[in-house]
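Read through the structure below, which is laid out as structure tokens, and then see the notes.
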Amino acid sequence: MSDSVPSPQEIADSLATRVFGQDLAIREIAVALSKKLAGLAAGNVLLIGPSGSGKTTAMRAVEWFLSSSPALAQRSTLVRVHANILAQEADQGAPGERLLHRLLARAEEQLGAACTVPALLDRVAHGIVFIDEVDKIRARIGSQAHVPGIRAQEALLTVMENERLPLTLPASSGGGRVFLDTRGILFVAAGAFEGLYDAVYDRVTVGQDRGSLQPVTVLDTEGVRERTDFSLREWMRSKDLFDYGLSPQFLSRFDGVVLLEDLDETDLLKIFLGSPDSGLESATKFLARFGVDLVLSPEAARLIARKAADQPRLGARALKEVFRRVIRDREFAPTEGAVDGALVIDEAEVREALARS
Ligand SMILES: Nc1ncnc2c1ncn2[C@@H]1O[C@H](COP(=O)(O)OP(=O)(O)OP(=O)(O)O)[C@@H](O)[C@H]1O
Ligand SMILES: [Mg+2]
């Protein structure tokens with residue numbers, strides 16, 4: 001890392017040790033973060049991706065990256081909020097202000113109680129805000145208006161790119177009222193936007209823009225067939241997000257909209273074997289407490305990834321569900337079946353465990 005600002009590549013390499021696949025999303029986040037750490041304006045990022053594809057994992061990876069070096073931790077104040085909380089706060093009044101109070105509280109923790117108010121405010125004005133599950137604050141659900149969502153989006157609008165936002169300081173920060181320039185705050189929002197895929201597919205096949213997506217004729221081993229290749233990345237337009245319930249003003253605050261990929265078997269295998277919070281990692285640690293070394297054969301691991309890939313709606317969460325069925329009895333009796341301190345699980349055992357449960 002160069003002495004002051006980590007490059008996008010350095011940040012991306014670091015994030016890639018925790019987030020597998022999803023290169024586009026990682027690149028976009030890495031560029032925004034590098035600009036931010038350089039003290040420059042960084043465009044806000046909106047991540048859209050299926051459930052279990054790594055959105056929250058990516059946010060956590062950034063938190064981990066920033067806290068991994070004291071120099072970076074000293075330069076960044078970050079909070080992560082669930083959009084539903086913003087909606088609740090919107091109901092109770094002054095939701096945007098509460099978001100800034102969160103940043104303020106975090107800055108106080110980092111800089112210590114002796115820190116001056118201007119120093120704290122500077123941290124807030126250059127903070128990073130992660131809004132997870134942003135699709136929960138849609139303005140409309142079907143044809144019904146969703147009032148908490150409308151209010152929460154409006155609240156966010158007031159704190160995104162506001163040159164002079166009035167802010168009442170809590171008593172712990174000296175009280176009083178100040179004006180804050182929030183243009184230096186980086187927002188990264190993420191959501192699964194369930195139903196968006198189907199809505200866009202319908203638009204271009206049977207709906208308003210029917211006929212845009214034409215089947216292609218292909219010749220393969222099964223003969224001549226008609227095939228429709230649809231990818232959300234290719235066909236999604238801003239209008240689809242408006243229709244989903246993001247207001248045009250809110251959406252326009254995001255410079256980059258990034259679609260995450262569905263994870264395939266190869267990604268899932270990498271996650272299973274390499275993610276610090278995978279079920280394998282936790283079982284390995286648990287068995288080690290009983291002096292047992294857990295060894296999975298490569299074929300066993302691949303079979304688990306393949307079975308997880310068969311449940312695409314769960315994303316990588318399917319790995320935990322599949323592996324649980326394999327490891328359940330082994331965890332109950334950790335030393336049983338271990339030979340010379342090693343417990344080997346092979347493909348046949350995985351197959352049998354999955355057939356049983
Ligand atoms: N790309 C990925 N790289 C590494 N781990 C992943 C990835 N995607 C998912 N996981 C694993 O799967 C679990 C669920 O992932 P995550 O919480 O990031 O999903 P999400 O995209 O936020 O889904 P949701 O929309 O349901 O909130 C995590 O515990 C993580 O270990
Ligand atoms: Mg999530």
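Note that these values count all heavy atoms, side chains included, but never hydrogens, waters or copies made by symmetry. Read the numbers this way: they start at 1 and go in the same order the structure lists the ligands and their atoms. FYI, the numbering just counts along the sequence from 1.
- For the pair Arg203 and Trp235, the cation-pi criterion (under 6.0 Å, within 45° of the ring axis) is not fulfilled.
- In this structure, Ser4 and Arg75 approach most closely via the heavy-atom pair O-NH2, 2.7 Å.
- Listed by first and then second residue, the ring-ring contact (aromatic ring centres under 6.0 Å, His included) pairs involving residues 108-151 amount to none (not counting sequence neighbours).
- In this structure, CG in Leu263 is found 5.5 Å from CG in Leu268, a value given to the nearest 0.5 Å.
- Annotation: Phe187 is not in aromatic contact with Phe254 [ring centroid separation under 6.0 Å not met].
- Here the closest non-hydrogen pair linking Ala300 and Glu347 is CB-N, 3.8 Å.
- The number of heavy-atom neighbours closer than 6.0 Å to CD of Glu194, taken from other residues, nucleotides and ligands shown, is 12 or below.
- Applying the salt bridge (Lys or Arg N to Asp or Glu O under 4.0 Å) rule to pairs touching residues 144-154 yields Asp91-Arg151, sequence neighbours excluded.
- Shown are the protein N/O/S atoms under 2.8 Å from the Mg ion (ligand 2), given by residue and atom: Thr56 OG1.
- Note: Tyr201 and Tyr197 have parallel aromatic rings, judged against thresholds of 30 and 60 degrees for the angle between ring planes.
- If you look at ligand 1, the protein residues with a non-hydrogen atom under 4.0 Å away are Arg18, Val19, Phe20, Gln22, Pro50, Ser51, Gly52, Ser53, Gly54, Lys55, Thr56, Thr57, Glu133, Ala192, Leu263, Ile271, Ser275, Asp277, Ala316, Arg317, Lys320.
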